[in-house]
Amino acid sequence: MKYQAPKGVKEYLPPSSALFERVREALISPARMANYQLMELAIFEETEVFTRGVGESTDVVSKEMYTFTDRAERSLTLRPEGTAGVMRAVIESGLDRGALPVKIWYAGPFFRAERPQAGRYRQFYQVGIEAIGSEDPLLDVEVISIAAKGFAALGLTGFELVINSLGDSESRNAYRQALTEYLLTLSLDEATRQRVQLNPLRVLDDKRPEMIKALASAPSILDFLNDTSRAEFDVVQQGLADLGIKYTINPRLVRGLDYYTKTTFEFVHPLLGAQSGIGGGGRYDGLMESLGGQPLSGIGFGIGVDRVILACEAEGIELLQERELACFIVPLGAQFERQALKIASELRDQKLRVDLAFGGRALKGAMKAADKSGARYAFVLGERESQSQEVELKELASGAVQSIRLSDLPQFLIRSLGANS
RNA sequence: GUGGGCGUAGCUCAGCUGGUAGAGCAUCCGGUUGUGGUCCGGAAUGUCGCGGGUUCGAGCCCCGUCGCUCACCCCA
């Protein structure tokens with residue numbers, strides 16, 4: 001085999017591509033219902049959109065970006081996440097000068113140059129939403145609920161929601177100081193020591209057992225929230241309770257991107273293995289401003305389509321519904337193929353899913369193909385049918401045959417299949 | 001970037017202590033008149049990941065390399 005997809009690129013081919021479509025659609029639908037509108041965005045951006053937006057100190061920016069130079073020596077980067085690009089587009093288009101909040105959804109591929117493993121790919125797919133220009137904590141609740149609805153629509157039951165608040169800048173600064181002081185009392189490896197300098201909150205994200213142990217008695221962000229931040233976090237919690245959304249609070253949930261403030265959240269699925277986060281997000285206060293826009297707050301999430309698919313598989317959810325082919329036409333020899341294709345074309349115009357045997361196959365082989373196609377009905381088209389304009393329509397599952405005029409065929413198929421083609 | 005496991009037909013895999021490559025499934029053709037699923041017969045498909053070494057002889061052993069995969073790190 002000479003060529004293969006680049007390392008870490010997950011592709012979806014038939015038949016599982018149908019599953020991909022379904023999952024993505026299920027995740028998008030709740031956002032549409034809540035009046036979020038599509039942005040079909042650039043897949044690469046000026047590198048600065050990410051270095052300034054996502055933050056230089058993050059792993060994503062410091063070592064995971066696909067960055068290249070174009071012919072005019074501009075530095076461009078394949079988008080590693082969605083929020084920064086949405087902000088750039090909102091600012092560029094002036095959408096933030098209209099009605100607020102601006103509610104956006106997007107979906108598509110993202111790229112990070114990481115070592116691939118189960119559930120982690122170099123090209124991966126996300127569905128995301130952003131609500132920009134309102135500080136209302138109930139908007140946080142809406143955003144979280146939309147993610148939860150998507151999972152539920154797929155029949156997922158095993159996912160868990162974890163939330164936290166990083167507080168406003170005042171709360172966060174106070175906490176950062178206390179945390180830094182605490183961390184400096186520990187004996188840390190070099191990498192962690194650097195992280196303390198860059199962004200001490202991210203040390204909390206460390207999943208190594210010895211670090212988790214060492215962090216057990218670290219100060220909690222929740223003790224540093226000022227009155228405003230605390231009140232807002234309470235509203236979020238009450239709002240989730242109102243909607244019947246279960247959650248747990250994890251004061252260590254900080255997430256890896258620098259722009260998060262106040263509410264952060266993550267959906268995890270315990271059946272998934274090492275990469276168990278199926279979606280996550282949070283509020284960001286300074287992001288728009290840092291990209292040259294107005295100081296507007298926003299909140300959003302990104303859901304990993306690939307991981308949701310894995311979660312569905314782990315829960316044994318059967319998403320591959322049979323796409324029933326209405327009819328399969330078997331032309332008797334090459335000379336009837338043209339007619340068969342014409343009939344198929346007309347049936348397809350009636351929104352009927354139809355296929356036929358190509359290549360002048362022998363009757364037996366063509367009937368086998370009909371069988372394999374999973375079509376509900378099949379019929380042979382040869383000299384007799386062509387003359388009489390009447391075919392022997394066979395229901396493949398039962399073997400039952402009935403004569404039907406070609407002119408009556410569309411109506412018959414529509415009636416017997418309903419609208420499920 | 002670091003570590004573990006694995007690379008044999010399109011797919012899933014077998015291949016005994018090294019003797020010169022197989023099964024099942026899938027594909028295609030056929031089992032005499034224009035109807036599939038079961039059954040029967042037949043056909044096609046491999047540089048055994050690649051390169052080197054040891055040996056009379058390597059799919060099996062050794063070294064290197066590439067790829068896949070899982071995990072660390074981090075995240076969707």
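Side chains are part of it too, since the values below use all heavy atoms of this structure and drop only hydrogens, waters and symmetry mates. Residue numbering restarts at 1 for every chain, and letters A, B, ... go by the order of the sequence lines.
- Among the heavy atoms of the strands lying under 4.0 Å from A/Arg112 is at least one base atom, whether or not backbone atoms are also near.
- The listed nucleotides are B/G30, B/G37, B/A26; the one nearest the side chain of A/Lys372 is B/A26.
- Here the separation of B/U47 from B/G4, taken at their C1' atoms, is 30 Å to the nearest Å.
- Base-pair partner of B/G24: B/C11 (Watson-Crick or G-U wobble, both distances under 3.5 Å).
- Counting distance only, with no hydrogens placed and no angle test, the side-chain atoms of A/Arg361 and the base atoms of B/C29 include no donor-acceptor pair under 3.5 Å.
- A/Glu130 places none of its side-chain heavy atoms less than 4.5 Å from the side chain of A/Phe301.
- Distance noted for atom P between B/C39 and B/A26: 9 Å (whole Å).
- A donor-acceptor contact under 3.5 angstrom links the side-chain atoms of A/Arg120 to the base of B/C74.
- Straight-line distance between the C1' atoms of B/C61 and B/U54: roughly 8 Å, to the nearest whole Å.
- Of all heavy-atom pairs between A/Glu11 and A/Ala5, the closest is OE1-CB, 3.4 Å.
- Rounded to whole Å, the separation between the C1' atoms of B/C11 and B/U27 comes to 11 Å.
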For nucleotides 31-34 of chain B, print each protein N/O atom paired with a nucleotide N/O atom at under 3.5 Å, atom names and distance only.
{"unit_1": "B/G31", "atom_1": "N7", "unit_2": "A/Lys364", "atom_2": "NZ", "d": "3.3"}
{"unit_1": "B/G31", "atom_1": "O6", "unit_2": "A/Lys364", "atom_2": "NZ", "d": "2.7"}
{"unit_1": "B/G34", "atom_1": "O6", "unit_2": "A/Arg384", "atom_2": "N", "d": "3.0"}
{"unit_1": "B/G34", "atom_1": "N1", "unit_2": "A/Glu385", "atom_2": "OE1", "d": "2.9"}
{"unit_1": "B/G34", "atom_1": "N1", "unit_2": "A/Glu385", "atom_2": "OE2", "d": "3.2"}
{"unit_1": "B/G34", "atom_1": "N2", "unit_2": "A/Glu385", "atom_2": "OE1", "d": "3.2"}
{"unit_1": "B/G34", "atom_1": "N2", "unit_2": "A/Glu385", "atom_2": "OE2", "d": "2.2"}

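- Side-chain atoms of A/Tyr259 and A/Asp285 include no donor-acceptor pair closer than 3.5 Å.
- B/G51: Watson-Crick or G-U partner is B/C63, with both key distances under 3.5 Å.
- Counting to the nearest Å, the P atom of B/C74 and the CD atom of A/Glu266 are 13 Å from each other.
- Looking only at atom types and distance, the side chain of A/Ser398 has a donor-acceptor partner in the side chain of A/Glu395 under 3.5 Å away.
- Here B/G10 presents its C1' atom at 14 Å from CG of A/Leu13, a figure rounded to the nearest Å.
- For the P atoms, the distance linking B/A43 with B/G22 amounts to 14 Å, nearest Å.
- A/Phe159 places its CZ atom 18 Å from the P atom of B/A76, with the value rounded to the nearest Å.
- Side-chain contact check for A/Glu392 and A/Ser403: at least one donor-acceptor pair (N or O, by modelled atom type) lies under 3.5 Å.
- Scanning atom types as modelled, no donor and acceptor separated by under 3.5 angstrom connect the side chain of A/Asp371 and the base of B/G37.
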Between the protein and nucleotides 67-70 of chain B, which nitrogen or oxygen pairs are less than 3.5 angstrom apart?
{"unit_1": "B/C68", "atom_1": "OP2", "unit_2": "A/Lys7", "atom_2": "NZ", "d": "2.9"}
{"unit_1": "B/C70", "atom_1": "OP2", "unit_2": "A/Ala118", "atom_2": "N", "d": "3.1"}

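- Among the atoms of the strands shown, none is found under 4.0 Å from any heavy atom of A/Ala366.
- Crowding of A/Gln335 atom CD: a count of heavy atoms from other residues, nucleotides or ligands under 6.0 Å exceeding 12.
- Looking at A/Ser386 and A/Gln339, their side chains do bring a donor and an acceptor atom within 3.5 Å of each other.
- Remark: side-chain polar atoms of A/Arg307 are paired, donor with acceptor, to backbone N or O of A/Gly119 under 3.5 angstrom.
- Nucleotide B/A44 forms no Watson-Crick or G-U wobble pair with any nucleotide shown, as no partner meets the under 3.5 Å limit on both distances.
- Between A/Arg172 and A/Thr261, the side chains place no donor N or O within less than 3.5 Å of an acceptor N or O (distance only, hydrogens not considered).
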